[in-house]
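Okay, handing you the structure first.
Quantities reported herein were computed from a predicted structural model and do not represent experimental measurements.
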Amino acid sequence: MISDDLIMEIKSKINIEDMISKYTILKRDGKNNKCICLFHSEKTPSMVIYSDTQSFYCFGCAVGGDVFSFIMKVENLGYIESIKYLCEIGGISFDISDKDNQEIETKNIIRKINIDTAKFFYQNLKSEYGKKARNYLFNRGFSINIIKKYGIGYALDSWSSLLDYLKLKKYKIFDMYQAGVVSKSQKGSYYDQFRDRIIFPIIDIRGNIIAFGGRVLDDTKPKYLNSSDTIIFKKSKNLFSMNFAKKHIDKTVVLVEGYVDAISLYQHGFKNVVATLGTSLTSEQSRLISRYSKKVIIGYDSDKAGQIAGIKASNLLSEVGLDVNMINLKDCKDPDEYIKKYGPDRFSVIINDSQNITDFEISKLKKSIDMDTNQGVSNYIKQVIVLLSKIKNEIERDVYVLRISRDTNISKDIITSQVNKVIKSNIFKKKKHQYRKLTNLSRFNTDNFIRGNEHFLREIKAEQGIIAFILKNSNNLNDVLSNITIDDFILAIDKKIFSSICDLSAKGGNMDFSLLSKNFSEKEKEYFSSILVKFDIISNKKEEIYDYIDILVRYKQRMTKEDIINMDPDKLRDFYINLKEKSI
């Protein structure tokens with residue numbers, strides 16, 4: 001479907017390093033670049049971008065691929081959508097019809113369903129049936145303009161009003177189900193997902209309605225109901241009101257817990273506000289914020305649950321390099337209540353007076369501990385030491401140590417010594433955790449692609465080496481083919497890669513990663529990337545490739561009786577045929 005010429009034209013105009021640098025900061029590491037991985041939480045860069053192969057690989061989470069893989073993951077797009085996205089950036093014409101790709105067509109249908117669903121909910125709010133919902137919104141202080149701005153609507157107290165409406169629009173029930181606007185009972189019947197709720201459309205950064213959040217009008221549980229994940233919506237990767245906030249962010253974002261808080265603040269002039277989608281902040285959401293901002297001011301609820309969630313959120317935000325402050329709401333439950341009670345000017349003051357996360361936690365500690373007793377001071381010091389160990393900047397950490405020393409009359413050297421002990425312990429634990437994680441990832445990859453062939457790891461390494469060698473020395477392909485065939489490979493995935501190499505060579509194409517893997521799944525691309533990484537420093541000597549070939553062609557002759565007994569019938573038949581051919 002996608003021509004090789006188009007793929008190469010895109011790659012000639014869009015360098016993978018330039019593309020990734022739009023999302024994070026790259027640091028030169030020899031001939032390659034490294035960066036903080038965008039697909040898992042980390043503080044030390046583990047994603048490497050390889051300029052020679054125009055690919056990337058993360059040693060922390062084993063995600064890898066080419067520029068198309070990167071855009072698919074970071075923007076939550078399908079393969080064809082990533083092609084279109086990159087063509088738009090590169091100013092390249094791309095005339096494939098959406099109907100020629102089932103995934104794009106399905107996504108487009110879901111987006112249309114969401115648009116019509118949002119219109120239906122909005123009309124419900126304006127109708128006589130929406131009077132109760134309108135009064136609720138007006139009582140919460142929402143203006144007509146802000147209701148229009150956010151497209152707020154109302155789901156009728158009915159089991160099938162939306163379902164019937166969308167049927168009239170000629171949508172298929174299964175497509176409604178895929179969109180998440182209708183649910184399916186155990187008996188197989190379909191019904192409206194949202195009933196008797198205020199509806200908040202969730203819009204992505206490109207302006208598409210991707211999901212909905214619904215709030216009850218009373219104290220019924222659950223208070224909020226959100227769309228389930230769909231092929232166009234991932235709850236962990238989106239933020240409410242980010243489509244509006246991104247236009248007004250000036251290095252700072254205000255993060256709140258719910259839709260009402262976000263809309264209330266926006267209405268009162270705080271347009272750089274975003275909210276999570278009914279769940280705790282995720283690492284993906286933190287990275288999304290970091291694309292637009294350098295600093296986050298957390299305005300979570302003032303109750304215990306809200307403060308705990310705020311601390312957890314601050315840790316995630318700090319991990320992606322953001323400065324984090326916390327708002328003190330004093331006697332108010334949430335930002336919406338505060339702004340109604342004291343007004344927007346006072347809210348501006350508490351934003352300006354917001355404390356960085358260390359000051360906030362120290363203040364909270366002081367209030368919770370009796371500092372007039374020796375035991376209280378001891379407990380305070382122990383907990384403060386843990387807080388100070390999280391500060392990366394040594395000068396900033398030293399300032400806090402000096403302050404704590406003065407407050408408690410404890411020697412600065414003693415506090416510093418204890419903080420350094422915790423830091424060293426954390427570093428050791430982190431390295432141990434990373435080692436286990438990498439080991440588990442290695443096992444995970446083995447389980448997925450090497451399952452059933454664990455006895456032949458030496459041979460598998462050889463066939464991977466052959467693949468990596470050919471990619472760097474494609475002129476040696478004929479020498480390889482004169483000694484082995486695709487049937488001599490053990491792993492199905494390695495056979496697929498080798499076959500792709502042979503096919504591309506026959507067409508006279510370049511040994512380009514994107515061309516070779518364009519029909520691969522993302523997991524297969526990640527495996528392919530891992531081979532390139534593993535053999536990144538492979539030599540160009542022919543002797544090395546012949547060593548690999550020798551290992552591979554002789555592996556069947558060296559198999560033990562136990563290996564043969566454990567073979568499945570298909571492999572046993574291939575083994576017999578191979579031996580018969582070699583004996584002729």
#### Entry: Salt bridge present between Lys13 and Glu9 (N-O < 4.0 angstrom)
yes
### Task
Go through the steps for Gln267 and Ser143 under the test side chain to side chain donor-acceptor pair (under 3.5 Å), then give the verdict.
CA-CA 8 Å; Gln267 181 172 255; Ser143 67; 2.9 Å; yes
### Query
Looking at OG of Ser264 and CZ of Arg140, how far apart are the two atoms once the value is rounded to the nearest 0.5 Å?
8.0 Å
### Message
So Phe94 and Leu86, do their side chains get closer than 4.5 Å, heavy atoms only?
### Response
no
### Message
Do Lys149 and Phe244 form a cation-pi contact, if we require the NZ or CZ to be under 6.0 Å from the six-membered ring centre and within 45 degrees of the ring's axis?
### Response
yes
### Task
Can you establish whether the number of heavy atoms outside Ile25 located under 6.0 Å from its atom CD1 is more than 12?
no
## Note on the structure
Smallest heavy-atom separation, Leu6 atom then Cys87 atom, equals CD1-SG, 4.1 Å
### Task
Kindly compute the distance separating CG (Asn325) from CG (Asn352), expressed to the nearest 0.5 Å.
10.5 Å
### Heavy-atom side-chain contact between Val274 and Tyr292 under 4.5 Å
no
### Message
For the backbone of Ile203 and the side chain of Asn238, can you confirm whether one donor and one acceptor N or O come within less than 3.5 Å of each other?
### Response
no
## Note on the structure
Between Glu17 and Asn15 the two heavy atoms that sit nearest each other are N-OD1, 2.7 Å
### Query
Does the pair Lys340/Glu337 count as a salt bridge with the N-to-O cut at 4.0 Å?
no
### Summary
In terms of heavy-atom contacts, Tyr154 and Ile199 come closest through C-CG1, 4.2 Å
### Message
Any heavy-atom pair between the side chains of Ile351 and Ile327 that's under 4.5 Å?
### Response
yes
### Task
Could you verify whether a donor N or O on one side chain and an acceptor N or O on the other, from Thr220 and Asp218, lie under 3.5 Å apart?
yes
### Task
Could you verify whether a donor N or O on one side chain and an acceptor N or O on the other, from Asn114 and Arg111, lie under 3.5 Å apart?
no
### Task
Return yes if some donor-acceptor pair links the side-chain N/O of Glu81 with the main-chain N/O of Lys107 below 3.5 Å, else return no.
no
### Query
Between Tyr259 and Tyr150, does the ring centre distance come in under 6.0 Å?
no
#### Entry: Exam field: side chain Arg134 to backbone Glu128, donor-acceptor pair closer than 3.5 Å
no
### Task
For the pair Asp512 (side chain) and Leu515 (backbone), establish whether a donor and an acceptor sit closer than 3.5 Å, ignoring hydrogens and angles.
yes
### Message
Can you tell me if Lys246 has over 12 outside heavy atoms packed within less than 6.0 Å of its NZ?
### Response
yes
### Query
How far apart are the C-alpha atoms of Cys35 and Tyr23, what are their side-chain angles, what is the distance that settles it, and do they pass the side chain to side chain contact (heavy atoms under 4.5 Å, CB included) test?
CA-CA 10 Å; Cys35 65; Tyr23 297 85; over 6 Å; no
### Message
Tell me if a side-chain donor or acceptor on Asp301 pairs with a main-chain N or O of Asp334 at a distance below 3.5 Å.
### Response
no
### Heavy-atom donor-acceptor pair, Ser189 side chain to Ser185 backbone, under 3.5 Å
no
### Task
Could you tell me which non-hydrogen atom of Asp192 sits nearest to which non-hydrogen atom of Arg195, and how far apart they are?
O-NH1, 2.7 Å
### Query
Side chains of Thr276 and Leu239: closer than 4.5 Å at any heavy-atom pair?
yes
### Query
Centre of Phe520's six-membered ring, under 6.0 Å away, within 45 degrees of the axis: is that where NZ or CZ of Lys496 sits?
yes
### Query
With a cut-off of 6.0 Å (strictly less than), are more than 12 heavy atoms of other residues, nucleotides or ligands near CD1 of Ile144?
no
### Task
Nearest 0.5 Å please: distance from the CD1 atom of Ile210 over to the CD1 atom of Ile110.
11.5 Å
### Task
Output, in order, the C-alpha distance, side-chain angles, deciding distance and verdict of side chain to side chain contact (heavy atoms under 4.5 Å, CB included) for Asp323 and Asn356.
CA-CA 8 Å; Asp323 293 329; Asn356 70 48; over 6 Å; no
### Task
To the nearest 0.5 angstrom, please state how far the CG atom of Asn108 sits from the CD atom of Glu105.
6.0 Å
### Query
Are Phe528 and Ile493 close enough, and set up right, to give a side chain to side chain contact (heavy atoms under 4.5 Å, CB included), and what steps lead you there?
CA-CA 9 Å; Phe528 195 177; Ile493 178 63; over 6 Å; no
Determine all donor-acceptor pairs shorter than 3.5 Å in which one atom belongs to a side chain in residues 342-350; sequence neighbours excluded.
unit_1 : atom_1 : unit_2 : atom_2 : d
Tyr342 : OH     : Asp331 : OD1    : 3.1
Tyr342 : OH     : Asp331 : OD2    : 2.9
Ser348 : OG     : Pro344 : O      : 3.2

### Message
Can you confirm if the aromatic rings of Tyr190 and Tyr177 lie within a centre distance of less than 6.0 Å?
### Response
yes
### Query
If you measure from CG on Asn519 to CG on Asp503, what distance do you get to the nearest 0.5 Å?
10.0 Å
### Message
Distance check, rounded to the nearest 0.5 Å: Leu77 atom CG versus Lys73 atom NZ?
### Response
12.0 Å
#### Entry: Chi angles and distances behind the side chain to side chain donor-acceptor pair (under 3.5 Å) call for Glu526, Ser530
CA-CA 6 Å; Glu526 288 170 5; Ser530 71; over 6 Å; no
### Task
Please tell me if the side chains of Lys235 and Ile202 come closer than 4.5 Å, counting only heavy atoms from C-beta onward.
no
### Query
Is there a donor in the side chain of Glu75 and an acceptor in the side chain of Ser82, or the other way round, less than 3.5 Å apart?
no
### Message
Is it true that, when you exclude Tyr129 itself, more than 12 heavy atoms of the residues, nucleotides or ligands shown sit nearer than 6.0 Å to its OH?
### Response
no
### Task
Would you mind reporting whether Leu255 and Tyr300 have side-chain heavy atoms less than 4.5 Å apart?
yes
### Task
Test Glu319 against Ile36 for side chain to side chain contact (heavy atoms under 4.5 Å, CB included), laying out the working first.
CA-CA 10 Å; Glu319 283 183 6; Ile36 295 291; over 6 Å; no
### Task
Check each of Ile109, Ile173, Thr106, Thr230 against Gln178 using the side chain to side chain contact (heavy atoms under 4.5 Å, CB included) test, and report the only one that passes.
Thr106
### Query
Checking Asn33 side chain against Ile49 main chain: does a donor-acceptor pair fall under 3.5 Å?
no
### Task
Salt-bridge test for Glu284 and Lys234: reply yes if a basic N is under 4.0 Å from a carboxylate O, no otherwise.
no
### Message
Using side-chain heavy atoms (C-beta onward) and a distance below 4.5 Å, is Lys333 in contact with Leu329?
### Response
no
### Message
Is it the case that the side chains of Gln123 and Ser127 hold a donor-acceptor pair, with the cut-off being a distance below 3.5 Å and no angle test?
### Response
no
### Query
With distance as the sole test, does Asp66 use its side chain to make a donor-acceptor pair with the main-chain N or O of Phe68 at under 3.5 Å?
yes
### Query
Do Ser160 side-chain atoms and Leu163 backbone N/O form a donor-acceptor pair below 3.5 Å?
no
### Query
Has the side chain of Ser302 got a donor or acceptor atom that lies under 3.5 Å from a matching backbone atom of Cys332?
yes
### Task
For residues Ala275 and Gly258, report the shortest heavy-atom separation together with the two atoms involved.
CB-O, 3.5 Å
### Task
Would you check if Phe194 and Leu162 make a side-chain contact, meaning some heavy-atom pair closer than 4.5 Å?
no
#### Entry: Distance-only donor-acceptor check, side chains Gln54 and Ser514, under 3.5 Å
no
### Task
Salt-bridge test for Lys22 and Asp18: reply yes if a basic N is under 4.0 Å from a carboxylate O, no otherwise.
no
### Task
Return the minimal non-hydrogen interatomic distance between Ser161 and Ser158, and the atom names on each side.
N-OG, 3.2 Å
